[in-house]
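What follows is one structure encoded as structure tokens, with my remarks underneath.
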Protein chains: 2
Amino acid sequence: MATTMQDVARLAGVSVKTVSNVVNDYPYVRRETRERVMAAINELGYQINASARNLRRGRTGMIGLALPMLSLPYFAELAESVIAAAEERGLVVVIEQTGADRARELDALHGSRRTMTDGLIYSPLALGPEDEERLPDSPPLVLLGERIFSDRVDHVTMRNVEAARAATAYLLGLGRRRIAVVGVHPGERVGSAALRVQGYEQALQDAGLPLDRALYGEVGPWGRAAGAQAIGRLLDSSPDGLPDAVFGLNDTLAIGAMHELQVRGIRVPEDVVVIGFDDIEEAQYSRPTLTSVHFDRDEIAQGAVELLEARVTGRARAPRRVEAAFRIAERSSTGG
Amino acid sequence: MATTMQDVARLAGVSVKTVSNVVNDYPYVRRETRERVMAAINELGYQINASARNLRRGRTGMIGLALPMLSLPYFAELAESVIAAAEERGLVVVIEQTGADRARELDALHGSRRTMTDGLIYSPLALGPEDEERLPDSPPLVLLGERIFSDRVDHVTMRNVEAARAATAYLLGLGRRRIAVVGVHPGERVGSAALRVQGYEQALQDAGLPLDRALYGEVGPWGRAAGAQAIGRLLDSSPDGLPDAVFGLNDTLAIGAMHELQVRGIRVPEDVVVIGFDDIEEAQYSRPTLTSVHFDRDEIAQGAVELLEARVTGRARAPRRVEAAFRIAERSSTGG
DNA sequence: TTGTAAGCGTTATCAT
DNA sequence: ATGATAACGCTTACAA
């Protein structure tokens, strides 16, 4: 059996209360007493029992992070930032992978894991506003990504529409006119894909250009292979007018598309310029390096953890929405 | 206050023990009683209090996973597999990032997080055998990667030496003779770098070839930039004899090196063939696709979680060592 | 400044 | 098959 506060108290010749005071840095403890207790703690190698403390306190010091999967670089990097931000606040992160599966995303909201964490940072892919009614309003929750639920819930969002619009405008500014968009999810209304396409369309309309469905590359998951496939199909089906630019709705799509272009002997950026979204680390090392819409992941992570903690500790007022700033990181794939 | 077993018991007209029996699938409960209890649980939206259960049971159902950082693709993919393997056994994973920092790696071993998890799966970079004495032998621990500690500790290892030897032999089998090795950590003795270099050297010796220090590319961290830099320096300093092959001690190094080679107009695989190590997903989409030493990450993760659980539940006998099998995944970077 | 004692919500022991 | 009741190890009024 592990040593308990009782053991420490006995050895130090004090009560458990005093040991607790020392362990919790309660200020009104005599120096001498504190030292005696510390000595006993070290001698016994005492470690506090987290379960007992949590039970008594009614909090666990752990938060959940639900995301599709860590093998997608964007989510791995996001998780890295969230874990770091949580650590700064003395919180520990439990990761749950939903596989972008609807049932598992719902389960993350209700499952038994909820009781061992104080709250959840949640990055859903398959859920939409129609699921809001299923939201348990009791456990603290912060939505990450686009705003899929009403203002009843804390959100940290990415300004998807504006950023995609800026990315498209950037390509237009380079004189490009036939901009393919890769990663479209037909039928989607509130997800990242839908919002970014919306921004793309707005930019074209701003420029007085028509929308051309032949330039929409539809895919399922947002991986490299999907990006390559989509641009491949697009090139095969409309050999008449080559696009002169590609907007990948995320970086892995853009990298896959860039790959496929080069395989076909199409030069990037000379013949076709390419821009991505998210600015994952890989964008700095692809060939050519990839221009991308940059978000400060640390800012997003900090914001999410802060919102969640405020709600956990009850010092949160009305639900808030944090919007992350963005900028375009110019690299070689657009001739930068 | 959340509803408790008391509330459920009251509503169902039974004792808390019976509610507990139902919740824990204790078989000797009358069907009718069980149904009444379930009804009460649903009506009240009861969720079990994990802290209380953990306190009583003396286990938390959580395991720790300590690794350098999630932004390195290999570790992200490893974490994905560990989380999935843990989930199959009803365990939840808390991730701790050490940043490959020695102090933080040691802290992961002793820190307060240890008390909220039942055990730790641990992938250190900076630690070595000299740290074994600091090992607390009480909390269950599984080492991942190379064997840095004695057989007192459970290990899941990767057969680094044999695999690196096979990779090098593969390049030799292609008729290559000047094989650069990228990612060398001079002075290291037990880490992945040292072991893989050892395998490289064995293969050359097996083939009766001399070791040429001019072919050793030394770097610090194992990222893409490091790989590019290392091969760059190597090419600059010995313009006499171009290497005809590159062995990246991991895939990101290999990808960085491949990138730099191509920037310099050196063709892969025609002029120089490249092989990596770990077989991360990116290897399938690089340009050209990267031949690599493949390990089954799921197998490794399963092994680690299984070892740890055995130790946690006390049904582990002597410490064990699991060695993951490997194979060479042939792709375009070696002409495959 | 320190001690006493009452829970926190479960599970386990022992009855019945 | 179910119920009383005592822990599990800690924090927190309340006392002293």
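What you are looking at is a predicted structure, and each value in this text was computed from that prediction instead of being measured. In what follows, chains carry the letters A, B, and so on, assigned in the order in which the sequence lines appear, proteins first and then strands, with residues in each chain numbered from 1.
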Using OP1 and OP2 only, check whether a side-chain N or O of B:S15 sits under 4.0 Å from D:dA4. no
Send over the distance from A:R31 CZ to C:dT2 P, rounded to a whole Å. 13 Å
Minimum-distance nucleotide (side-chain atoms of A:Y46 versus C:dT4, D:dC10, D:dA1): D:dC10
Taking atom CZ of A:R189 as the centre, report whether more than 12 heavy atoms of other residues, nucleotides or ligands fall under 6.0 Å from it. no
Roughly, in whole Å, what's the span from CD in A:E35 to P in C:dT1? 14 Å
With a 4.0 Å cutoff (strictly under), does any side-chain N or O of B:T33 reach OP1 or OP2 of D:dT2? yes
Does A:T313 reach the main-chain N or O of A:E309 with its side chain, forming a donor-acceptor pair under 3.5 Å? yes
Look only at the side chain of B:D118 and the backbone of B:G61, and say whether a donor-acceptor pair between them is shorter than 3.5 Å. yes
Could you tell me whether B:R104 and B:D107 make a salt bridge, using a distance below 4.0 angstrom between a side-chain N and a carboxylate O? no
Tell me: CG of A:N24 to P of D:dA13, nearest whole Å? 13 Å
Between A:L55 and A:V16, which residue's closest nucleotide on DNA chain C lies nearer the 5′ terminus? A:V16
Confirm from the modelled atom types if B:R56 and C:dT10 form a donor-acceptor pair under 3.5 Å, side chain to base only. no
Round to a whole Å and report the spacing from CZ of A:R34 to C1' of C:dT2. 13 Å
Donor-acceptor under 3.5 Å (B:E281 side chain, A:S71 main chain): no
Assign each of B:R53 and A:Y26 the nucleotide of DNA chain C bearing its closest heavy atom; nearer the 5' end lies the nucleotide of A:Y26
Between D:dT2, D:dC10, C:dT11, which nucleotide gets closest to the side-chain atoms of B:M5? C:dT11
Rounded distance in Å - CZ (B:R10) to C1' (D:dG3): 16 Å
Between B:Y28 and A:N21, which residue's closest nucleotide on DNA chain D lies nearer the 5′ terminus? B:Y28
Establish, with yes or no, whether the OP1 or OP2 oxygen of C:dC8 is under 4.0 angstrom from a side-chain nitrogen or oxygen of B:N49. no
A:E32 CD to C:dT2 C1', straight-line distance once rounded to whole Å: 13 Å
Between CD of A:Q6 and P of D:dC10 the distance, given in whole Å, is 9 Å
What is the nucleic acid contact for A:V14, judged by heavy atoms within less than 4.0 Å: base, sugar-phosphate only, or nothing? sugar-phosphate
Just the rounded figure in Å: distance from C1' of D:dG9 to CZ of A:R57. 13 Å
Please determine, for the side chain of A:T4, which listed nucleotide (D:dT11, C:dT2, D:dG9) has the closest atom? D:dG9
Under 4.0 Å from OP1 or OP2 of C:dT11: is there any side-chain N or O of B:S20 that close? yes
